Amino acid sequence: MTMILFSGIQPTGLLHIGNYFGAIKNWVDLQKKYPCLFCVVDYHSITVPYQIKQMSNRVLDLAMDLIACGIDPKKSILFIQSAVPAHTELAWILSTVTSIGDLNRMIQFKEKSKEHSENINAGLFNYPVLMAADILLYKAQVVPVGEDQVQHLELTREITRKFNKKFGKTFPEPKPYLTSGARIMSLTDDKKKMSKSHGEESYIALSDSLKTIEKKLAIAMTDPARKRRTDPGTPKKCNIYHLHQLVSNKKDLEYVIDGCAKAKIGCLDCKKLLAKNLFKELKPIQEKRKQLEKDSEKVKKILAQGAEQANKIAKKTIAEVKAKLGLA
Ligand code: AMP
Ligand code: TRP
């Protein structure tokens, strides 16, 4: 049987190269291998405080970004979670086979309840159950996620086993698909993951111009051991070099390693080349994005079609699940 791929992403604002190299670029490649569903998970994003007025734009913006990056609506189903009611329906059912003890152990719940201590709501607690419903509704088996989501996937597998044991085999056990370790670190602190929440200087947005990228890189952290122009550097320990590896060809990489280790080039030369190569990767995405902005109706239509396709599959699963539960 062909395996189905499902992944979700929250509409929480602009995307950075961490999102792109850590997640979306892999999704784009995986479209060649699996039938895919990609979901803008708006119901997940309302579990923490958000700007109500901005929400619908954020959802549309994210959909445009995904298409601009290469998610192909002709190949894959791209849709908005709240447009498919079966997600919350199945989440309720799955919550009856989910242990509170397990939910209590979720690291993300602990972190987010600390961060939003004024609003520790049941939605935040049940977040992983909705995630399990997202996946199981389509009987997906391949779930590309970052490391931070692996614990949620383990819980999904546990929920799957409990459901199947209690009501008869219904769902295959999904597996996390960990992308080849692309963990993009912050420009200003190479011990932290790149994230929107650490300030504009710490990330490169997919929408950044060459000038902006150059500026951000100019002040970005390098190998801490290299203090002066004449000190040889150790590229393998340098965040800038890690970024080079994502976008630079063999010739440029050799130039950078040799130049840095022998102090033939300075950090600024290395960063300039990185900015150029990074922008080369981002430019076609930015151009496609501009085209889509001009035709947001087309994007809305793509999402509506995606929801229609997703609904069709989801309704079948819900019917099967209800029958197994002895419900109408
Ligand atoms: P977030 O908006 O943080 O929920 O991230 C959306 C997706 O991008 C998830 O699959 C994350 O694992 C991935 N991601 C976010 N930040 C990074 C990063 N700095 N490096 C690699 N992947 C990331
Ligand atoms: N929780 C995931 C994140 O923050 C997003 C997500 C929601 C998801 N539902 C999913 C990812 C289902 C994979 C499968 O990154």
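Each ligand, and each atom within it, is numbered from 1 in the order the structure gives. Since the model is a prediction, treat every value here as computed from it, not as a measurement. All values below were derived from every heavy atom in this structure, side-chain atoms included, with hydrogens, water molecules and symmetry-related copies excluded.
- Taking a cutoff of 4.0 Å between a charged side-chain nitrogen and a carboxylate oxygen, Asp61 and Arg289 qualify as a salt bridge.
- Between Glu297 and Lys300, at least one side-chain N (NZ, or NE/NH1/NH2) sits under 4.0 Å from a carboxylate O, which counts as a salt bridge.
- When the options Gly146, Gly8, Ser7 are ranked by their closest heavy atom to atom 5 (C) of ligand 2, first place goes to Gly8.
- When non-hydrogen atoms are compared, ligand 1 lies under 4.0 Å from neither the backbone nor the side chain of Glu147.
- With contacts defined as side-chain heavy-atom distances shorter than 4.5 Å, the pair Asp65/Ile24 does not qualify.
- Checked for salt-bridge contact, Lys139 and Glu320 meet the test: a charged N lies under 4.0 Å from a carboxylate O.
- In terms of polar-atom proximity, Val145 is not counted as a contact of ligand 1, lacking any N or O under 3.5 Å from an N or O of the ligand.
- In summary, Arg161 and Glu158 engage in a salt bridge, as defined by a charged side-chain N under 4.0 Å from a carboxylate O.
- Here's the thing with His152: none of its N/O atoms is less than 3.5 angstrom from an N/O atom of ligand 2.
- For Lys315, the NZ atom counts as loosely surrounded, since its 6.0 Å shell holds 12 or fewer non-hydrogen atoms of other residues, nucleotides or ligands.
- With contacts defined as side-chain heavy-atom distances shorter than 4.5 Å, the pair Cys69/Leu206 qualifies.
- Proximity to Gly22 (heavy-atom distance under 4.0 Å) selects the following atoms of ligand 1: 21 (C), 22 (N).
- For ligand 2 and Gln149, the ligand atoms under 4.0 Å from any heavy atom of the residue are 1 (N), 2 (C), 3 (C), 4 (O), 15 (O).
- Put simply, atom 23 (C) of ligand 1 has protein non-hydrogen atoms near it, under 4.0 Å away.
- Interface of Val41 with ligand 2, defined as ligand atoms under 4.0 Å from a residue heavy atom, comprises 7 (C), 9 (N).
- Ile4 and Ile135 fall within the same hydrophobic cluster, defined by Ile, Leu, Val, Met, Phe, Trp and Tyr side-chain heavy atoms under 4.5 Å apart, directly or through other members.
- Among Phe38, Phe21, Tyr34, the one residue that satisfies the ring-ring contact (aromatic ring centres under 6.0 Å, His included) test with Trp27 is Phe38.
- Closest to atom 1 (N) of ligand 2, if we only count protein heavy atoms, is Tyr127 OH, 2.7 Å.
- Taking 4.0 Å as the cut-off between side-chain N and carboxylate O, Arg105 and Glu154 do not count as a salt-bridged pair.
- At the top of the distance list for atom 9 (N) of ligand 2, counting protein heavy atoms only, stands Asp134 OD2, 2.7 Å.
- Atom 5 (O) of ligand 1 has its closest protein heavy atom at Asn19 ND2, 3.3 Å.
- The shortest contact between atom 10 (O) of ligand 1 and any protein heavy atom is with Ala23 CB, 3.6 Å.
- Using a 4.0 Å cut-off between charged side-chain N and carboxylate O, Lys272 and Asp269 make no salt bridge.
- When hydrogens are left out, the protein atom nearest atom 12 (O) of ligand 1 is Gly146 CA, 3.4 Å; that is the closest non-hydrogen contact.
- For ligand 2, the atoms lying closer than 4.0 Å to a non-hydrogen atom of Gln10 are 4 (O).
- With a 4.0 Å cut-off on non-hydrogen atoms, Asp148 does not touch ligand 2 at all.
- The protein heavy-atom contact nearest to atom 10 (C) of ligand 2 is Met131 CG, 3.3 Å.
- When hydrogens are left out, the protein atom nearest atom 20 (N) of ligand 1 is Ile184 N, 2.9 Å; that is the closest non-hydrogen contact.
- Which parts of ligand 2 touch Phe6 is read off a 4.0 Å heavy-atom cut-off, strictly below it: atoms 12 (C), 14 (C).
- Judged by the 6.0 Å and 45° rule, Lys196 forms no cation-pi pair with Tyr203.
- Those atoms of ligand 2 that come under 4.0 Å of a heavy atom in His44, given as number and element, are 7 (C), 9 (N).
- For Met185, no nitrogen or oxygen atom sits less than 3.5 Å from a nitrogen or oxygen atom of ligand 1, counting backbone and side chain alike.
- With a 4.0 Å heavy-atom cut-off, ligand 2 is reached by no atom of Leu130.
- Interface of Val145 with ligand 2, defined as ligand atoms under 4.0 Å from a residue heavy atom, comprises 11 (C), 13 (C).
- Geometrically, ligand 2 and Gln108 share no nitrogen or oxygen pair separated by less than 3.5 Å.
- Ligand 1 lies less than 4.0 angstrom from a heavy atom belonging to Arg183.
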